[in-house]
There are 2 protein chains.
Amino acid sequence: MQATPPQATPSPATSAPRAWQSVLTHIEGRLLAGDLAPGDRLPPERLLATDLGVGRSSVRGALRVLEVLGLIRTGTGSGPASGAIVIARPSGGMATLMRLQVAGGGFAVADVVATRLVLEAAVVTELAADEPDQAADLAPAAELLDAMDLDLTEAEFLALDAAFHLALAEASGNSVITAMMSGLRNSVERYALAGAAFLPSWSETSTRLRAEHRGILAAVENRDAPLARTLVRDHISGYYAEMTPPPLTTAPTTRN
Amino acid sequence: MQATPPQATPSPATSAPRAWQSVLTHIEGRLLAGDLAPGDRLPPERLLATDLGVGRSSVRGALRVLEVLGLIRTGTGSGPASGAIVIARPSGGMATLMRLQVAGGGFAVADVVATRLVLEAAVVTELAADEPDQAADLAPAAELLDAMDLDLTEAEFLALDAAFHLALAEASGNSVITAMMSGLRNSVERYALAGAAFLPSWSETSTRLRAEHRGILAAVENRDAPLARTLVRDHISGYYAEMTPPPLTTAPTTRN
DNA sequence: GTCGTCGATGTGGTCAGACCACAGAATACA
DNA sequence: TGTATTCTGTGGTCTGACCACATCGACGAC
């Protein structure tokens, strides 16, 4: 039915006129044009395939990419939850990207930690700089701190720890930084967890972390940006410095 | 051959035991174990499919994801450049993710610019803090500035502009920040280009930008971190402020 | 009339097989 | 010896067929 030799894809711009990329371009164009927005449903795969003149497998390839990148969510069956639905949730995609890049050596763990430091400092600076009358909502973060006071396993504690930092990022209102923080934290989660086993005393460390969290939140609430920055830096770099000995095997070989 | 009813995938950990995800997990495991490193070639798709007990289409799905995320590069034909080769280049994946998230409304353009500001400031701070005797290599960035002195179209100028900022990030040595900067810049490139057409005077603006670049580089070379930070902030926010009127239609609807 | 059951329908998920294009290697031939 | 041809192995794509699943609607029991 469709182009066997001529390959009618109208976008051989760069170098690889692959079928699934043309589907991706098409959907991106519809997003850009506002024709597709979060909450909308994409056409069924089979319809999209015939409409665009490609095979269903190519459409599926594009949808899979969109799914991994957090752009859509797919569901089987029928009804409102079925089909491919635009969601535009970057966190998952960012986490996958970073996790795999760390696994593949594209990102050194030390760089991930350093970047987290930069972003985290920016977040608390931003939060502390807010006008008090229109302050960001720090309640979710505070609630997480309360939850961390309970008796928890290391994994549970670290999960809440991550959620706390993420809550701060969310409160700052920058979706890009929030997604990045989520991905960064996620990508080194296994290292944080593996390193926890090598700490001299988990109870001491967790007590210290709890206090540091309280301190950071208090500094933000008191609009003391420099203090908040300092505390955040010490908090993060301190934890990773304490547990670095065992893992952290970086492999910055960037051959082709 | 493989499991029709029992679905022998050994990793139904979370919620979605999809075939291509199991392939992805398998490859991620091999990366983590050091069994696969940049430069290595993955097994052929057909072999991988039979080995893992899934269809070739599922293998292809995983490989496509890895390709989009910048983990592998695929090539047809035979010879050393064929097959799927691990490369671990995060820039492309980051750019795709951010571009699509901006298109889908997951990222507001303003947040992208704000994040770029944060990272760019961190980069120059880091560069300025280096010990003079082991200073980062700023030569590539300087060369780009020389190239920008020529008579260029707006698109050419902006491309070199992006390359200059990227060169700074690379000089800082943080691969994560470099990839993020690349992606951020890339995702708003169309806005930067579209906005350039609305500037009162391109020649004036480009002259100013050139001077600002020189200033930033000089501040870094003089180890004046505060100055470099200030200049970078003014440089970026100034440009976007000057051209914001027309585009920048954010759509922060985060339903579903 | 109401409610439960059970098929019809439409969706994504997967598999299998068949081609094609491509690039290098092996072979045949001049 | 050198060139042309064929072979082989790779990813890229299409097609068709299933399956699992979730909803909807018709039908019959009560």
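Hydrogens, waters and symmetry mates play no part in the numbers below; they use all other heavy atoms, side chains included. Throughout, protein chains are lettered first and strands after them, A, B, ... in sequence-line order, and every chain is numbered starting at 1.
Of the two residues near DNA chain C, W20(B) and G79(B), the one whose nearest nucleotide lies more 5' is W20(B). Residue-to-nucleotide proximity on DNA chain D shows that, of P80(A) and G55(A), the 5′-proximal contact is made by G55(A). Positionally, the nearest nucleotide of DNA chain D for V59(A) lies more toward the 5' end than for the other of V59(A) and A81(A).
Applying the side chain to side chain donor-acceptor pair (under 3.5 Å) test to residues at least two apart or on different chains, the pairs with a partner in residues 175-185 of chain A are S175(A)-D111(B). Counting only residues at least two apart or on different chains, the ring-ring contact (aromatic ring centres under 6.0 Å, His included) pairs with a member in residues 159-185 of chain B are F164(B)-H213(B), H165(B)-H213(B), H165(B)-H235(B).
Atoms CD (Q21(B)) and P (dG12(C)) sit 17 Å apart, rounded to a whole Å. Across the protein-nucleic acid pair, R73(A) atom CZ and dG13(C) atom P stand 11 Å apart, rounded to whole Å. Between the CZ atom of R60(B) and the C1' atom of dC14(D) there is a distance of 11 Å, given to the nearest Å. When the C1' atom of dC15(C) is taken as reference, atom CG of D51(B) falls 17 Å away, rounded to whole Å. Distance CD1 (I85(A)) to P (dG10(C)): 18 Å, rounded to an integer number of Å. One atom, CG of L42(A), and another, P of dT11(C), lie 13 Å apart when rounded to the nearest Å. As rounded to whole Å, 14 Å separates atom P of dG12(D) from atom CZ of R64(A).
Summary for the helix from dG1(C)-dC30(D) to dA30(C)-dT1(D): the axes at its two ends, each from 5 pairs, differ by 30° when rounded to the nearest 10 degrees.
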query: Between Y239(A) and D161(A), does a side-chain contact (heavy atoms from CB on, under 4.5 Å) hold up when you go through it step by step?
result: CA-CA 12 Å; Y239(A) 179 72; D161(A) 185 324; over 6 Å; no

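Judged as a side-chain hydrogen bond (donor to acceptor under 3.5 Å, both in side chains), and not counting sequence neighbours, the contacts of R30(A) are D35(A). For T115(A), the side-chain hydrogen bond (donor to acceptor under 3.5 Å, both in side chains) test picks out N174(B), with sequence neighbours left out. Applying the salt bridge (Lys or Arg N to Asp or Glu O under 4.0 Å) criterion to E45(A), with sequence neighbours excluded, gives R56(A), R60(A). Residues passing the salt bridge (Lys or Arg N to Asp or Glu O under 4.0 Å) test with R99(A), sequence neighbours excluded: E28(B). The side-chain hydrogen bond (donor to acceptor under 3.5 Å, both in side chains) test applied to R190(A) returns no partner, not counting sequence neighbours.
Between dC15(C) and S58(B), a contact under 4.0 Å exists linking OP1 or OP2 to a side-chain N or O.
Evaluation of atom-type donor-acceptor distances gives a pair under 3.5 Å for the side chain of R56(A) against the base of dG13(C).
Surrounding CG of D146(A) are more than 12 heavy atoms belonging to other residues, nucleotides or ligands, all under 6.0 Å away.
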What nitrogen or oxygen pairs link the protein and nucleotides 5-10 of chain D at under 3.5 Å?
unit_1, atom_1, unit_2, atom_2, d
dT10(D), O2, G77(B), N, 3.3

